[in-house]
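These notes concern the structure reproduced below.
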Amino acid sequence: MRILGIDPGLQNTGFGVVDVDGSRLHYVASGTIRTSPSEGALLPERLKVIFDGIGEVVQRYQPTVAACEIVFVNVNPQATLLLGQARGCCLTALVAHGLTVREYTALQLKKAVSGYGRATKEQMQEMVKRLLQLPGLPGKDAADALGLCITHAQVARTTQAIEQVSKLQARTHAAYKGGRNY
């Protein structure tokens, strides 16, 4: 299984690609798709940069599944709306390229990678470096994206083990119009 992790952001969208072989994780690639309002680009153009960037990553690395971070409301409503648009753009790009997308909260990500739900960005970078045996620290956004890959790899192993015992039923009680399955 090859997992593409996406840490959505309007200025910096992190991506990470990890191969899973049983319980072994193998780093493939990571990076950041950057957009900047200071270059005069309006919101639609910036979203297109993110959409096209994710498309390039998908075509180059051919992942089999994607994991994306779920965004929560921040103190600044305007920033939250912009981040939500960037996240929607990421999800659309992934689905447009035929990928199944799984979503994880920041708490789930941090607990899976560091064992502590309030881990700092620096702690996450260090744990991702150790878990994937990287020679140096990945960037903060790329580290979160790689952490999503690690999180999904752990969840997928557990889900497969449970499915061997009994068929799982998707929970849709918290779904909005079938948008999310847990």
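Side chains are part of it too, since the values below use all heavy atoms of this structure and drop only hydrogens, waters and symmetry mates. Note that the numbering runs from 1 along the sequence shown for the chain.
The only option from Val17, Leu132, Asp19, Val18 that meets the side-chain contact (heavy atoms from CB on, under 4.5 Å) definition with His26 turns out to be Asp19. Considering Val58, Ile54, Leu4 in turn, Val58 is the only one that fulfils the side-chain contact (heavy atoms from CB on, under 4.5 Å) rule with His97.
Crowding of Lys121 atom NZ: a count of heavy atoms from other residues, nucleotides or ligands under 6.0 Å exceeding 12.
Rounding to the nearest 0.5 Å places CD1 of Ile33 at 7.5 Å from CD1 of Ile50. From Leu146, atom CG reaches atom NZ of Lys129 across 14.0 Å, with rounding to the nearest 0.5 Å. The distance from the CG atom of Leu81 to the CG atom of Asn76 is 9.0 Å, given to the nearest 0.5 Å. Expressed to the nearest 0.5 Å, how far NZ of Lys111 lies from CD of Gln154 amounts to 12.0 Å.
The two residues Ala153 and Val20 come nearest to each other via the heavy atoms CB-CG2, 3.7 Å. For the pair Pro8 and Cys90, the tightest heavy-atom approach, listed with the atom from each and the gap, is CB-SG, 3.9 Å. Annotation for Phe15 and Thr32: closest pair CE2-N, 3.7 Å, computed over non-hydrogen atoms. Among all heavy-atom pairs drawn from Cys89 and Leu47, the shortest one is SG-O, 3.0 Å. Contact between Ala106 and Glu69 at its shortest, heavy atoms only, is CB-OE2, 3.4 Å. When all heavy atoms of Arg102 and Thr100 are compared, the closest pair comes out as NH1-CG2, 3.3 Å.
Note: the hydrophobic cluster containing Tyr27 also contains Ile3 (ILVMFWY, side chain heavy atoms under 4.5 Å, direct or indirect links). A continuous path of Ile, Leu, Val, Met, Phe, Trp and Tyr side chains, each step under 4.5 Å between heavy atoms, connects Val155 with Ile150, placing both in one hydrophobic cluster. By the rule that hydrophobic residues join a cluster once side-chain heavy atoms approach within less than 4.5 Å of another member, Phe51 and Val71 end up as members of separate clusters. Val95 and Leu99 end up in the same hydrophobic cluster when Ile, Leu, Val, Met, Phe, Trp and Tyr side chains are linked at under 4.5 Å. Side-chain heavy atoms closer than 4.5 Å link hydrophobic residues (I, L, V, M, F, W, Y) into clusters, and following such links, possibly through other members, connects Val101 to Tyr61.
Thr35 places a side-chain N or O within 3.5 Å of a backbone atom of Leu10 that can act as its donor or acceptor partner. Between the side chain of Gln59 and the main chain of Glu56, no donor-acceptor pair closer than 3.5 Å is present. Put simply, the side chain of Ser114 gets close to the backbone of Tyr116: a donor and an acceptor are under 3.5 Å apart. Formation of a donor-acceptor pair under 3.5 Å by the Arg2 side chain with backbone atoms of Gln62 is not found in this model.
With contacts defined as side-chain heavy-atom distances shorter than 4.5 Å, the pair Leu43/Gln85 qualifies. Side-chain atoms of Gln11 and Pro37, non-hydrogen and from C-beta on, do get closer than 4.5 Å to each other. Proximity of Leu148 to Ile6: side-chain heavy atoms (C-beta onward) are nowhere separated by under 4.5 Å. Counting heavy atoms from C-beta on, the side chains of Leu91 and Glu103 come closer than 4.5 Å. When side chains are defined from C-beta on, Leu137 does not count as touching Glu122, because their heavy atoms never get closer than 4.5 Å. Residues Lys140 and Met124 form no side-chain contact, since every pair of their non-hydrogen atoms from C-beta on lies 4.5 Å or further apart.
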Derivation and outcome, side chain to side chain contact (heavy atoms under 4.5 Å, CB included), residues Val65 and His152: CA-CA 9 Å; Val65 66; His152 183 68; 3.8 Å; yes

Worked verdict on Ile70 versus Arg87 for side chain to side chain contact (heavy atoms under 4.5 Å, CB included): CA-CA 8 Å; Ile70 295 175; Arg87 183 175 181 277; 3.7 Å; yes

